[in-house]
Novice: 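Pasting in a structure now, in structure tokens, and then I'll have a few things to ask.
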Amino acid sequence: MSLQSVRQFFADHAPDIDIIELNQSTATVALAAAAHNVAPGQIAKTLSLKVKNDIILIVAKGDARLDNKKLKEAFGAKARMLSSDEVVNWTGHPVGGVCPFGLENPLAVFCDISLRQYDEVLPAAGAIHSAVRISPERLAELTQAKWVDVCQ
């Protein structure tokens with residue numbers, strides 16, 4: 001279902017972007033970077049957080065770490081990571097395949113400025129063995145993301 005919802009998203013919004021499906025898992029930044037032969041930072045990881053009563057997604061470069069102080073400044077409250085069950089329920093994507101495309105529920109998406117150092121990044125595409133190659137600007141445009149500075 002999840003990979004299919006991402007396929008539909010790209011068919012509707014960006015038919016020029018192909019989903020890359022591999023025979024091996026790309027569920028972690030290290031596995032994805034090795035499989036796609038890119039630097040770990042080029043893997044665009046999608047983090048699912050709860051801030052106050054809102055569920056949000058933050059897309060950041062693969063080797064970035066969230067900065068709790070910056071998060072609190074940006075969103076006005078502490079954030080907590082969702083549990084794996086919550087991630088699946090809110091996004092419709094399995095952990096390791098979470099992306100801001102083809103979501104189960106409409107969620108606010110934020111892109112960390114750390115992504116901007118790359119011409120091309122590879123976010124997952126709804127499954128632990130799928131991804132897309134996309135510029136950070138196009139990723140933000142397609143997902144109506146706002147840019148934030150929330151990583152160390």
Novice: Is there a path from Val29 to Leu115 through hydrophobic residues (I, L, V, M, F, W, Y) whose side chains come within less than 4.5 Å of each other?
Specialist: no
Novice: Would you kindly confirm whether Leu3 and Val95 end up in one hydrophobic cluster when ILVMFWY residues are joined by side chain heavy atoms under 4.5 Å apart?
Specialist: yes
Novice: Would you call Asp67 and Arg65 a salt bridge, taking side-chain N to carboxylate O under 4.0 Å as the test?
Specialist: no
Novice: What distance separates Met81 CE from Leu66 CG, expressed to the nearest 0.5 Å?
Specialist: 6.5 Å
Novice: So, the side chain of Asp112 versus the backbone of Cys151: is there a donor-acceptor pair under 3.5 Å, distance only?
Specialist: yes
Novice: With Ala77, which residues qualify under side chain to side chain contact (heavy atoms under 4.5 Å, CB included), at least two apart?
Specialist: Val51, Lys52
Novice: Once you round to the nearest 0.5 Å, how far does CD1 of Ile56 lie from CG of Leu107?
Specialist: 9.5 Å
Novice: Taking the side chain as C-beta and beyond, is there a heavy-atom pair between Ser135 and Val121 under 4.5 Å?
Specialist: no
Novice: Is any NZ, NE, NH1 or NH2 atom of the basic residue among Arg138 and Asp16 found under 4.0 Å from an Asp or Glu carboxylate oxygen of the other?
Specialist: yes
Novice: Does the Thr26 side chain pair with the main chain of Ile128, one donor and one acceptor, at a distance under 3.5 Å?
Specialist: yes
Novice: Find the distance between NE2 (His13) and OG1 (Thr143) and round it off to the nearest 0.5 Å.
Specialist: 11.0 Å
Novice: At what distance, to the nearest 0.5 angstrom, does CD of Gln42 lie from CG of Asp119?
Specialist: 8.5 Å
Novice: What's the spacing between Ser48 OG and Ile55 CD1 if we round to 0.5 Å?
Specialist: 8.5 Å
Novice: Going by an N to O cut-off under 4.0 Å, is there a salt bridge joining Arg80 and Glu86?
Specialist: yes
Novice: Can you check whether Gln144 reaches Val109 side chain to side chain, under 4.5 Å on heavy atoms?
Specialist: no
Novice: Kindly compute the distance separating CD1 (Ile113) from NZ (Lys61), expressed to the nearest 0.5 Å.
Specialist: 10.5 Å
Novice: Are side-chain heavy atoms of Asn105 and Asn89 found at a separation under 4.5 Å?
Specialist: no
Novice: Which pairs count as ring pair (Phe, Tyr, Trp, His ring centres under 6.0 Å) when at least one residue sits in residues 87-114, sequence neighbours excluded?
Specialist: Phe9-Phe101, Phe10-Phe101, Phe75-Phe110
Novice: Indicate yes or no for a side-chain donor-acceptor contact from Ser2 to the backbone of Gly92 under 3.5 Å, with no hydrogens or angles considered.
Specialist: yes
Novice: Val87 and Val98: side chain to side chain contact (heavy atoms under 4.5 Å, CB included), yes or no, with the steps?
Specialist: CA-CA 8 Å; Val87 168; Val98 177; 3.4 Å; yes
